[in-house]
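Treat the numbers as computed from the prediction; the structure is a model and nothing was measured. Just so it is clear, the values below take in all heavy atoms, side chains as well, and ignore hydrogens, waters and symmetry mates.
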Amino acid sequence: MVDLTLMAAILRSLAPHTHLVLVGDVDQLPSVGAGDVLRDIIRSERFRVVTLNEIFRQDAESLIVANAHRILAGGDLSLPDKGDDADFHFIVRDNPAGAVGTIVDLVADRLPARFGLDPVRDIVVLSPMHKGDTGVKKLNEALQQRLNPHGPAVERGGAVFRAGDRVLQTANDYDREIFNGDLGVIVHADPAERRLVVDFDGRRVTVEGAELGDLAPAYAISVHKSQGSEYPAVVIALSTYHFVMLKRNLLYTAITRAKKLVVIVGSRRALERAIANNEVGRRYGLLRERLARTGRGAL
């Protein structure tokens with residue numbers, strides 16, 4: 001997730017003789033910003049690298065863990081028998097409208113009833129893209145209509161915010177200590193004053209005026225926005241309409257956001273495309289080349 005600009009700022013802030021330890025997953029999506037810092041550092045072969053293989057987030061027998069490894073190897077997924085209370089499921093829906101309907105039913109009814117999950121606090125829907133019938137925008141609209149359709153609302157930028165909605169902070173606000181990627185739940189909405197009160201993990205923050213533009217509905221979020229976070233349960237929309245985004249590292253990133261449960265809803269063709277496509281876009285940051293000209297680093 002760290003791009004070249006941020007990495008440069010980190011290094012400049014370190015005192016001489018400071019030891020820097022980087023912890024990350026090179027198989028996930030690269031940073032949104034320029035560069036491919038972690039991969040370049042590893043491939044430079046100028047630093048000692050330790051690979052951690054012990055699983056702590058889920059049980060070692062978890063299908064989430066098994067399928068994460070299968071995806072990285074380009075293999076087929078291991079799926080449970082129908083009706084099995086496993087932690088990984090794939091529901092075939094070739095039609096986008098059918099996929100959206102199934103996702104809404106899963107989040108609102110089926111998963112809470114079967115696994116005791118809260119639809120707002122425990123389940124996050126991930127999609128590769130913002131646009132399209134199974135994109136983040138349409139999914140948020142459908143989920144809000146099912147889960148929280150009534151009550152006073154504050155509108156901003158085409159989005160509707162009500163008390164009870166889950167929202168995503170999309171910009172860093174150091175004064176109020178809320179940051180890009182933080183999830184919260186609206187606890188109060190005042191349409192007259194155009195003001196919201198949002199609970200960010202136990203901290204209540206008032207959001208009003210231009211600050212409303214830093215919030216986005218978050219029943220569904222993009223896979224890219226989910227990086228660095230984890231959730232009890234993840235439902236993934238996977239459609240051939242996302243063809244340009246269907247890559248192995250994106251699918252791997254999506255399923256490894258889940259601690260307890262993964263449900264993929266979509267077409268087999270889209271799933272097969274994502275697993276087969278191991279293309280990683282070339283980044284021209286020159287970090288690897290510059291490191292190759294330096295001496296060996298040390299832990």
### Message
Any heavy-atom pair between the side chains of Val207 and Arg176 that's under 4.5 Å?
### Response
yes

### Query
Does any non-hydrogen side-chain atom of Leu250 lie less than 4.5 Å from one of His224?
yes

### Task
Check the surroundings of atom CZ in Arg268: do more than 12 heavy atoms from other residues, nucleotides or ligands lie under 6.0 Å from it?
no

### Query
Any side-chain heavy-atom pair from Val167 and Leu196 closer than 4.5 angstrom?
no

### Summary
The side-chain hydrogen bond (donor to acceptor under 3.5 Å, both in side chains) partners of Asn249 (sequence neighbours excluded) come to none

Donor-acceptor list for residues 127-135 side chains, cut-off 3.5 Å, not counting sequence neighbours:
from: Ser127; atom 1: OG; to: Met129; atom 2: O; distance (Å): 3.3
from: Ser127; atom 1: OG; to: Thr134; atom 2: O; distance (Å): 2.8
from: Thr134; atom 1: OG1; to: His242; atom 2: NE2; distance (Å): 3.1

I'd like a table of donor-acceptor pairs (distance under 3.5 Å, sequence neighbours excluded) in which one partner is a side-chain atom from residues 144-152, with atom names and distances.
from: Gln144; atom 1: NE2; to: Val160; atom 2: O; distance (Å): 2.8
from: Gln144; atom 1: NE2; to: Asp165; atom 2: OD2; distance (Å): 2.7
from: Arg146; atom 1: NH1; to: Asp105; atom 2: OD1; distance (Å): 2.9
from: Arg146; atom 1: NH2; to: Asp105; atom 2: OD1; distance (Å): 3.2
from: Arg146; atom 1: NH2; to: Asp109; atom 2: OD2; distance (Å): 2.4
from: Asn148; atom 1: ND2; to: Ala163; atom 2: O; distance (Å): 3.0
from: Asn148; atom 1: ND2; to: Asp165; atom 2: OD1; distance (Å): 2.8

### Query
Which residue pairs pass the salt bridge (Lys or Arg N to Asp or Glu O under 4.0 Å) test when at least one of the two sits in residues 90-99, sequence neighbours left out?
none

### Summary
Output for pair (Arg156 CZ, Glu211 CD), nearest 0.5 Å, gives 10.0 Å

### Message
Less than 4.5 Å apart, side chain to side chain, heavy atoms only: is that true for Arg257 and Leu126?
### Response
yes

### Summary
Rounded to the nearest 0.5 angstrom, the CG-NZ distance for Asn278 and Lys247 is 10.0 Å

## Note on the structure
Sequence neighbours excluded, the answer for side-chain hydrogen bond (donor to acceptor under 3.5 Å, both in side chains) partners of Lys137 is Glu141

### Task
Answer whether the closest heavy-atom distance between the side chains of Tyr231 and Ser226 falls below 4.5 Å.
yes

### Message
Can you tell me how far apart CG (Leu79) and CG (Leu77) are? Round to the nearest 0.5 Å.
### Response
5.5 Å

### Query
Is it true that the NZ or CZ of Arg273 lies under 6.0 Å from the centre of Phe243's six-membered ring and within 45 degrees of the ring axis?
yes

### Task
Determine whether more than 12 heavy atoms belonging to other residues, nucleotides or ligands lie under 6.0 Å from atom CG of Asp76.
no

### Summary
By side-chain hydrogen bond (donor to acceptor under 3.5 Å, both in side chains), Tyr241 pairs with (sequence neighbours left out) none

